[in-house]
Amino acid sequence: SVQLEESGGGSVQAGGSLRLSCRVSENTYSIKFEGWAWFRQAPGKGREAVAFIWAGTRTTIYLDSVKGRFTISQDNAGKAVYLQMNNLRPEDTAMYYCAATTATSLSPWSAPHQYNYWGQGTQVTVAS
């Protein structure tokens, strides 16, 4: 059934903000995830890694184009992650997916196959 549950997507004008949320489901509550990531996929494009966070150290990694605009964070219990998106641009328009992994080492962090748990996606639309 459902692995991760996403919310917070919507439609905004350029320069606006959104905060995406991703939480464990009833089926994944007992799993100790080691890393979390947000991916996005625009129409006709491949799935692109946006941000990553290690659960233990809270170390983060970002796609260059979102640095300074997006912030990924994790709750203290390790059961939810968030993506604060500020100064949104039309090129940020995409379906955003939350992903998590039980792996303790990723190479590379941006590869979808490194993640074994996924959400269904939440749409973000930024008007030009």
Side-chain angles (χ1 to χ4, degrees):
S1 57
V2 176
Q3 299 177 335
L4 305 174
E5 299 176 342
E6 300 144 323
S7 62
S11 181
V12 299
Q13 294 183 339
S17 298
L18 287 172
R19 190 174 86 120
L20 307 183
S21 298
C22 173
R23 62 184 179 183
V24 298
S25 70
E26 295 178 352
N27 302 304
T28 54
Y29 186 82
S30 63
I31 299 174
K32 181 178 174 58
F33 293 117
E34 298 292 342
W36 302 78
W38 285 96
F39 287 77
R40 66 187 182 188
Q41 187 165 19
K45 302 294 182 64
R47 191 161 295 191
E48 178 182 47
V50 176
F52 172 86
I53 185 168
W54 283 114
T57 64
R58 301 296 201 277
T59 300
T60 58
I61 306 173
Y62 294 95
L63 176 69
D64 284 345
S65 64
V66 309
K67 288 180 179 177
R69 299 189 298 120
F70 291 10
T71 302
I72 186 171
S73 60
Q74 180 191 271
D75 73 344
N76 291 332
K79 302 301 182 182
V81 292
Y82 308 91
L83 187 68
Q84 179 65 46
M85 304 184 294
N86 298 325
N87 193 24
L88 284 161
R89 305 166 180 170
E91 53 263 42
D92 294 319
T93 295
M95 183 72 72
Y96 282 71
Y97 299 90
C98 177
T101 181
T102 56
T104 56
S105 181
L106 302 173
S107 184
W109 73 275
S110 56
H113 73 262
Q114 300 282 5
Y115 302 86
N116 44 3
Y117 294 89
W118 291 84
Q120 295 182 355
T122 184
Q123 179 67 39
V124 171
T125 301
V126 185
S128 60

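No hydrogens, no waters, no symmetry mates; every other heavy atom, side chains included, goes into these values.
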Compare every heavy atom of [Y] with every heavy atom of [X], then report the nearest pair and how far apart it is.
X: Leu4; Y: Val24; value: CD2-CA, 4.2 Å
X: Ile31; Y: Lys79; value: O-NZ, 3.6 Å
X: Trp36; Y: Ala100; value: CE3-CB, 3.8 Å
X: Asn27; Y: Val2; value: ND2-O, 3.0 Å
X: Gln120; Y: Glu6; value: N-OE1, 2.9 Å
X: Ser21; Y: Trp38; value: O-CH2, 3.7 Å

Are [X] and [Y] linked, directly or through other ILVMFWY residues, by side chains that come within less than 4.5 angstrom of each other?
X: Phe33; Y: Leu20; result: yes
X: Val66; Y: Val81; result: yes
X: Val50; Y: Ile53; result: yes
X: Phe39; Y: Phe70; result: no
X: Leu18; Y: Leu83; result: yes

Please list all pairs meeting salt bridge (charged side-chain N to carboxylate O under 4.0 Å, His left out) that have one or both residues in [range], counting only residues at least two apart or in different chains.
range: residues 31-42; value: Arg40-Glu48, Arg40-Asp92
range: residues 16-30; value: Glu5-Arg23
range: residues 51-65; value: Asp64-Lys67

Listing, residues 111-119 side-chain donor-acceptor contacts under 3.5 Å, not counting sequence neighbours, or none:
from	atom 1	to	atom 2	distance (Å)
Gln114	NE2	Ser107	O	2.5
Tyr115	OH	Trp109	O	2.6
Asn116	ND2	Thr102	OG1	3.2
Trp118	NE1	Tyr115	O	3.2

Taking [X] for its side chain and [Y] for its backbone only, find out whether a donor-acceptor pair lies under 3.5 Å.
X: Asp75; Y: Ala80; answer: yes
X: Ser25; Y: Gln3; answer: yes
X: Thr101; Y: Gly35; answer: no

**Prompt:** Can you tell me how far the CD atom of Gln74 sits from the OH atom of Tyr82, to the nearest 0.5 Å?
**Reply:** 9.5 Å
**Distance, nearest 0.5 Å, that separates CG of Leu63 from CZ of Arg69** = 9.0 Å
Please set out all donor-acceptor pairs under 3.5 angstrom arising from side-chain atoms of residues 10-17, sequence neighbours excluded.
from	atom 1	to	atom 2	distance (Å)
Ser17	OG	Asn86	OD1	3.0

**Message:** Using side-chain contact (heavy atoms from CB on, under 4.5 Å), reason through Tyr62 and Thr71 one step at a time and then give a plain yes or no.
**Reply:** CA-CA 8 Å; Tyr62 294 95; Thr71 302; 3.8 Å; yes
**Request:** Return the set of residues passing salt bridge (charged side-chain N to carboxylate O under 4.0 Å, His left out) with Glu91 (not counting sequence neighbours), or none when no residue passes.
**Result:** none
